[in-house]
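Working notes, structure below.
Note that the coordinates shown come from a computational prediction; the quantities given were computed from them, not determined experimentally. Letters A, B, ... mirror the listed sequences (proteins, then strands); counts begin at 1. FYI, side chains are in, hydrogens and waters are out, and symmetry mates aren't considered; it's all heavy atoms of this structure.
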Amino acid sequence: MKGSIKIDREQCKGCGLCTAACPKKIIVFSDKLNKKGYYPASCDGQEAKEGNTAECTGCALCAIVCPDIAIEVYRE
Amino acid sequence: MKQVFKKPRLIKPNTFHYCPGCGHSIIHRLIAEILEELDLAEIAICVPPAGCAVLAYNYLDIDMGEAAHGRAAAVATGLKRALPDKFVITYQGDGDIAAIGTAESIHAANRGEQVSTIFVNNAVYGMTGGQMAPTTLLGQNTTTTPGGRVASIHGNPLDLSEMMAIAKGSVYIERTAVNNAKNIIKTKKAITKAFKVQIDGLGFSMVEILSPCPTNWKMSPIDACKWVDEYMTKIFPLKVIKDLTDTGKKDAD
């Protein structure tokens, strides 16, 4: 694993821009609502049924396009 | 693992009130990052607009001074002249700067006021419910132009940035967008350059930012970002409209 991201599921409004921006397409929508009533984006390996979170390169494109600054990016 | 991206220090921990997919909060983040990088946080004063971003003080941890609708350029002029050591920016939407505040903005640019303007263009009046703005594209459906904007009835989209470039006191005008990662990075560079114009005391600088408004365009956030590329940039091309940063000082003398 070269990188990883942490999505704040309560800040996320489920706009989906990160799912479109991710070059590996490993960010998916959670199937559980957050407190605001949105289906937040998820990439934590448990809720992400599709995609392989181990493919994250830490490119930060998801965080750059995130309008709610809900994504933190880590890289080795 | 090393953290390579986090919330900027100047963004407060509140949840943004903006709709999902709105460009405003991306622009807030860029401003916060740049003010931090240029070490301007302690002296920055922002004048937000009447519009969705009127609550910018909830998110940006810098000094703010609210202005009447459209009059941000006039208030910023006063702030900068009374407090010349401060760093003054105005943050305005298209309904704010291109409709009710055109006079104040054009004259601030013409006088070459030492302020930086962020002009967020989303082609509608956002906060009031998606009415036609001066920047609405021909054929675009809004709540006040059902069936699309028609030039013979509603006039043509207003190229405010080109008008500001004609004004003698403006030094740097660029139009960018925040609809994808590449354009967001370019926008950050443009805002940084505009801020440096003020630091160097060259004159008026403005960055026009095309920003998606999925709610009032009645589109999904991803479709709204595509719409910016397919339609908005045809009418409002992304480019440097005026750049006198190399020659600006000489012109002023």
Side-chain angles (χ1 to χ4, degrees), chain A residues 1-30 32-45 50-51 53-76, chain B residues 1-33 52-53 59-61 120 122 177-189 209 211-215 217 219-226 228-229:
Chain A
M1 195 198 270
K2 290 180 203 149
S4 71
I5 62 168
K6 205 161 88 183
I7 302 173
D8 185 336
R9 57 176 285 123
E10 295 308 326
Q11 296 272 336
C12 176
K13 299 197 191 109
C15 70
L17 294 184
C18 56
T19 62
C22 178
K24 301 279 183 188
K25 303 290 173 212
I26 54 175
I27 306 176
V28 294
F29 288 113
S30 167
K32 289 191 199 95
L33 292 168
N34 67 10
K35 282 179 193 153
K36 283 192 156 48
Y38 296 110
Y39 289 104
S42 164
C43 187
D44 61 6
E50 305 159 38
T53 52
E55 281 182 37
C56 180
T57 58
C59 69
L61 286 177
C62 53
I64 289 169
V65 299
C66 177
D68 291 288
I69 326 179
I71 304 179
E72 288 179 350
V73 184
Y74 299 84
R75 206 182 295 157
E76 261 170 18
Chain B
M1 279 204 187
K2 200 175 73 182
Q3 192 168 28
V4 291
F5 192 102
K6 61 174 180 183
K7 201 174 249 200
R9 182 175 60 84
L10 293 176
I11 292 283
K12 294 179 184 174
N14 305 332
T15 306
F16 290 106
H17 75 283
Y18 302 116
C19 308
C22 178
H24 270 305
S25 38
I26 298 176
I27 302 165
H28 286 3
R29 173 174 66 79
L30 296 178
I31 293 173
E33 285 177 359
C52 293
Y59 313 118
L60 282 168
D61 196 6
V120 183
N122 58 12
V178 286
N179 62 329
N180 57 44
K182 191 176 144 201
N183 282 342
I184 291 170
I185 293 165
K186 277 187 186 167
T187 301
K188 186 171 178 184
K189 281 186 186 147
I209 303 167
S211 169
C213 183
T215 302
W217 296 354
M219 292 175 197
S220 76
I222 292 171
D223 287 345
C225 287
K226 285 184 189 150
V228 170
D229 266 338

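Only the backbone of B:Cys22 comes within contact range of chain A, judged by heavy atoms closer than 4.5 Å. Looking at B:Ile222, both its backbone and its side chain come within 4.5 Å of chain A, counting heavy atoms on both sides. Contact of B:Leu30 with chain A is not made at all, since no heavy-atom distance falls under 4.5 Å. The part of A:Ile71 that comes within reach of chain B is its backbone (N, CA, C, O), which places non-hydrogen atoms under 4.5 angstrom from that chain. B:Asn180 touches chain A through its backbone: at least one of N, CA, C or O sits under 4.5 Å from a heavy atom, while the side chain does not. Neither the backbone nor the side chain of A:Ala21 comes within less than 4.5 Å of any heavy atom in chain B. Only the backbone of B:Asn14 comes within contact range of chain A, with at least one heavy atom under 4.5 Å from a heavy atom of that chain. Contacts between B:Pro212 and chain A at a heavy-atom distance below 4.5 Å are absent for every atom of the residue. Interface remark: A:Cys62 contributes no atoms to any contact with chain B (heavy atom separation under 4.5 Å).
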Candidate pair B:Lys188 and B:Glu33, rule side-chain contact (heavy atoms from CB on, under 4.5 Å), full reasoning: CA-CA 9 Å; B:Lys188 186 171 178 184; B:Glu33 285 177 359; 2.9 Å; yes
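Here the straight-line distance linking atom CG of B:Leu60 with atom CD1 of B:Ile27 works out to 11.0 Å at 0.5 Å rounding. If you take CD1 on B:Ile31 and NE2 on B:His28, they are separated by 7.0 Å, rounding to the nearest 0.5 Å. One finds the OH atom of B:Tyr18 at 10.0 Å from the OG atom of B:Ser211 (value rounded to the nearest 0.5 Å).
Your options are B:Pro20, B:Gly21, B:Cys19, and the one with the most heavy-atom pairs under 4.5 Å with chain A is B:Pro20. Residue with the most contacts toward chain B among A:Lys13, A:Glu72, A:Lys36: A:Lys13 (heavy-atom pairs, distance under 4.5 Å). When the candidates A:Thr19, A:Ile5, A:Leu17 are compared by the number of heavy-atom contacts under 4.5 Å with chain B, A:Leu17 comes out ahead. Each of B:Lys6, B:Arg29, B:Lys182 has some count of heavy-atom pairs under 4.5 Å with chain A, and the biggest count is that of B:Arg29.
Using a distance-only test at 3.5 Å, with no hydrogens or angles considered, no donor-acceptor pair links the side chain of B:His24 to the main chain of B:Val120. Judged by distance alone, with hydrogens and angles left aside, the side-chain atoms of A:Lys6 form no donor-acceptor pair with the main-chain N or O of A:Tyr74 at under 3.5 Å. At least one donor-acceptor pair under 3.5 Å links the side chain of A:Asn34 to the backbone N or O of A:Cys12. Listed for the A:Arg75 side chain is a donor-acceptor partner under 3.5 Å among the backbone atoms of A:Gly58.
Annotation: B:Lys12, atom NZ; neighbour count of heavy atoms from other residues, nucleotides and ligands within 6.0 Å is above 12.
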